[in-house]
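Only one structure is covered here, and it is reproduced in the block below.
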There are 2 protein chains.
Amino acid sequence: MVDENASNYTARKYRTPDGAPADIVIFTITTEILNRATKSLPKRELKVLLIKRKLWPYEGMWALPGGFSNDQESMYETARRELEEETGVNAVHMEYFNVYSKPGRDPRGWIISHAFFALVHEDYLVERKASDDAADVGLFTVSELGSKGLELAFDHQEVIGDALEQIRSKMLLTSIAKEFLPDEFTLSELYQVVQTVVPDFEEANFIRKMKSTQSRSGVLEQVLDAKGEPKKSNEFSQRAAQLYRFTGVMPRLSLYS
Amino acid sequence: MVDENASNYTARKYRTPDGAPADIVIFTITTEILNRATKSLPKRELKVLLIKRKLWPYEGMWALPGGFSNDQESMYETARRELEEETGVNAVHMEYFNVYSKPGRDPRGWIISHAFFALVHEDYLVERKASDDAADVGLFTVSELGSKGLELAFDHQEVIGDALEQIRSKMLLTSIAKEFLPDEFTLSELYQVVQTVVPDFEEANFIRKMKSTQSRSGVLEQVLDAKGEPKKSNEFSQRAAQLYRFTGVMPRLSLYS
DNA sequence: TGAATAGTGTCTCTGAGACAATATGCA
DNA sequence: TGCATATTGTCTCAGAGACACTATTCA
């Protein structure tokens, strides 16, 4: 209650919240090179970063990273700050997606939590894991965290479930797949990333469909090398595969067209 | 700070928020019957309900309806309560979409606002307008509220802009069009509603495309009458038009399929 | 040679897109 | 009769879907 014009303002005598934190669901995709007879695509898994709580409440349990907002920053800035503290990186994709405010959700009092999700390349998290208190940081697969899995602090199980729903939807409707890929990638890599996030996504003629530029309205483009020739990679295969990149063009999908 | 297990918990000595309100962007589509030579489609306009503030701050200015949450309810329940107070109805579509927390956004202090949008059929709002303090309730077209239009209290201009973006996206990706339509409607009505919300949506062969049930995967279905014959309406036209309804089926749209 | 990925060939059928033409029924 | 909406006819061409087939490279 700061403003000078507030002179006539009758202060509310109601209870006010005890805190407004931001919690962050940090997703990453781990890639594990397989030792096969010939070069092959890596094994990919979608994981969530959790930290082990050191304090009451839920001491010793796994929880989402997060922290309280202060009156000098927006909730988005709070989340950015916490994300940077946790991962050391700032320039990653992060979005707000929901608020959690059910009475009793936090034993410390009336605490309204604002949930974000972030998409981080695994390279950034490797450093974090290697730092001092590595035992208190964990990467968990989505299946480990399902309804029958590990029990989490607060309502964080629900939060992660909602976050998953969000990124599954966005994976198919936007180009967030690029957050998990290098700038240039093969269509098999892209297909693998989409399937890692949305397991029941299947598309028999995926490569062919993505190549027919006419229909895809230019979401992807072929990468050319310095000589203007199509640039290829044989990182994951014997036969070299064409490299692609996202153009930034986003078609407007619609039920009605 | 209520819980008994809090015995060891060191109370935070930081400032806490001064309030957590829910604000609601109530959209409706007004329909105006035109007096043409023959029966014709009505004129439709997308409007937002605002109320004139009676108290400091921003006294006398137009603002979104809303109010403070208390510690006995979730933010969603707060919004439902406010929506019912404002419109008298409860069973309408309402969704949470964003949080507004920029420092200084409210002269009363540190106040974090949670924004919802609701889609209400105009019939419900007619009653509200006809009630006692009608002068303090207004329906404004989206263009009146653009960046050059009426100045609103708080950051409500920005909130409405974000809400618009949301419902434009959802209008094309989900079946929220049904919130503005009767249970049974003609394809021209549907097309008009979509265009009212998303002005640059155009689809030359709209009717034909919607009829080809094979591709639309059954989002819509023809309404049949008691005898099993296709049910038609001539409310807006000389030649009777087939009635349709939403089935509830929602195809999964994707960039990659 | 076989493993593992990266494609192409070929076929059928549906739908998109454009636009003209016709249907309906009432003021 | 002409208006205003609703619908069908008629093209052509692109893409979807299925599945078999070929290409590439290396251990």
Side-chain angles (χ1 to χ4, degrees), chain A residues 31-44 184-193 195 201-220 222-223 229-244 251-257, chain B residues 31-44 184-193 195 201-220 222-223 229-244 251-257:
Chain A
T31 66
E32 182 192 343
I33 304 297
L34 297 174
N35 262 330
R36 295 282 185 70
T38 61
K39 276 192 260 190
S40 65
L41 287 167
K43 183 180 173 198
R44 294 182 202 256
E184 304 175 353
F185 49 85
T186 66
L187 293 179
S188 295
E189 286 181 276
L190 173 60
Y191 187 49
Q192 224 195 351
V193 164
Q195 283 199 318
F201 177 79
E202 274 183 54
E203 196 54 52
N205 289 334
F206 184 79
I207 291 182
R208 162 161 307 172
K209 287 174 82 163
M210 288 303 118
K211 292 179 91 108
S212 70
T213 149
Q214 205 123 345
S215 71
R216 293 301 128 194
S217 9
V219 176
L220 299 180
Q222 288 196 343
V223 180
E229 298 295 306
K231 189 173 167 189
K232 306 200 170 197
S233 157
N234 63 347
E235 186 179 359
F236 299 118
S237 60
Q238 317 315 123
R239 176 169 174 174
Q242 177 62 46
L243 290 170
Y244 286 81
R252 178 204 259 169
L253 298 172
S254 165
L255 279 183
Y256 305 118
S257 58
Chain B
T31 67
E32 183 191 342
I33 304 298
L34 298 175
N35 262 328
R36 294 281 185 70
T38 61
K39 276 193 258 189
S40 64
L41 287 166
K43 182 182 174 198
R44 293 181 201 256
E184 304 175 352
F185 49 85
T186 67
L187 294 179
S188 295
E189 285 180 276
L190 172 60
Y191 187 49
Q192 223 195 353
V193 163
Q195 283 199 318
F201 177 79
E202 273 184 53
E203 196 54 53
N205 288 335
F206 184 80
I207 292 181
R208 162 157 309 170
K209 288 174 81 163
M210 288 303 117
K211 292 179 90 107
S212 70
T213 148
Q214 203 123 346
S215 71
R216 294 301 129 195
S217 7
V219 177
L220 299 181
Q222 289 197 344
V223 179
E229 297 296 304
K231 190 172 167 191
K232 308 201 170 195
S233 156
N234 64 347
E235 185 180 359
F236 300 118
S237 60
Q238 316 316 122
R239 176 167 175 177
Q242 177 62 46
L243 290 170
Y244 287 81
R252 177 204 260 170
L253 298 172
S254 165
L255 279 183
Y256 305 118
S257 57

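Keep in mind it's a predicted model, so treat the numbers as computed, not measured.
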Given [options], identify the nucleotide with an atom nearest to the side chain of [X].
{"X": "A:Ile207", "options": "D:dG9, D:dA18, C:dG7", "answer": "C:dG7"}
{"X": "B:Lys211", "options": "C:dA18, D:dT8, D:dA4", "answer": "D:dT8"}
{"X": "A:Thr38", "options": "D:dA4, C:dG2, C:dT5", "answer": "C:dG2"}
{"X": "A:Asn205", "options": "D:dG17, C:dG9, C:dC19", "answer": "D:dG17"}

Donor-acceptor pair, [X] side chain versus [Y] backbone, under 3.5 Å?
{"X": "B:Lys43", "Y": "B:Leu34", "answer": "no"}
{"X": "B:Gln242", "Y": "B:Lys231", "answer": "yes"}
{"X": "A:Lys209", "Y": "B:Tyr256", "answer": "no"}

Looking at every non-hydrogen atom in both residues, tell me the closest pair between A:Leu253 and B:Ser254 and how far apart they are.
CD1-C, 3.8 Å
What pair of heavy atoms forms the shortest contact from B:Ser237 to B:Arg239, and how long is it?
OG-O, 2.6 Å
Quick one: [X] [atom1] to [N] [atom2], roughly how many Å, whole number?
{"X": "A:Lys209", "N": "C:dT8", "atom1": "NZ", "atom2": "C1'", "result": "17 Å"}
{"X": "A:Tyr191", "N": "C:dT5", "atom1": "OH", "atom2": "P", "result": "13 Å"}
{"X": "A:Ile33", "N": "C:dA4", "atom1": "CD1", "atom2": "C1'", "result": "14 Å"}
{"X": "A:Glu202", "N": "D:dA18", "atom1": "CD", "atom2": "C1'", "result": "14 Å"}
{"X": "B:Met210", "N": "C:dA16", "atom1": "CE", "atom2": "C1'", "result": "12 Å"}
{"X": "A:Asn35", "N": "D:dA27", "atom1": "CG", "atom2": "P", "result": "13 Å"}

Contact class for [X] (heavy atom, under 4.0 Å): base, sugar-phosphate, or nothing?
{"X": "B:Glu203", "answer": "sugar-phosphate"}
{"X": "A:Arg36", "answer": "sugar-phosphate"}
{"X": "A:Leu187", "answer": "nothing"}

How long is the span from the OG1 atom in A:Thr186 to the CZ atom in A:Phe236, to the nearest 0.5 Å?
7.0 Å
Please list, in numerical order, the residues of residues 233-242 of chain A that have a heavy atom closer than 4.0 Å to any atom of DNA chain C.
A:Phe236, A:Ser237, A:Gln238, A:Arg239, A:Ala240, A:Ala241, A:Gln242
For A:Gln192, side-chain contact (heavy atoms from CB on, under 4.5 Å) partners two or more places apart
A:Leu41, A:Pro42, A:Arg44
Using only modelled atom types and a 3.5 angstrom limit, is any donor from either the side chain of A:Arg208 or the base of D:dG17 paired with an acceptor on the other?
no
Is the phosphate of D:dT24 approached by A:Lys39 (side-chain N or O, under 4.0 Å from OP1 or OP2)?
no
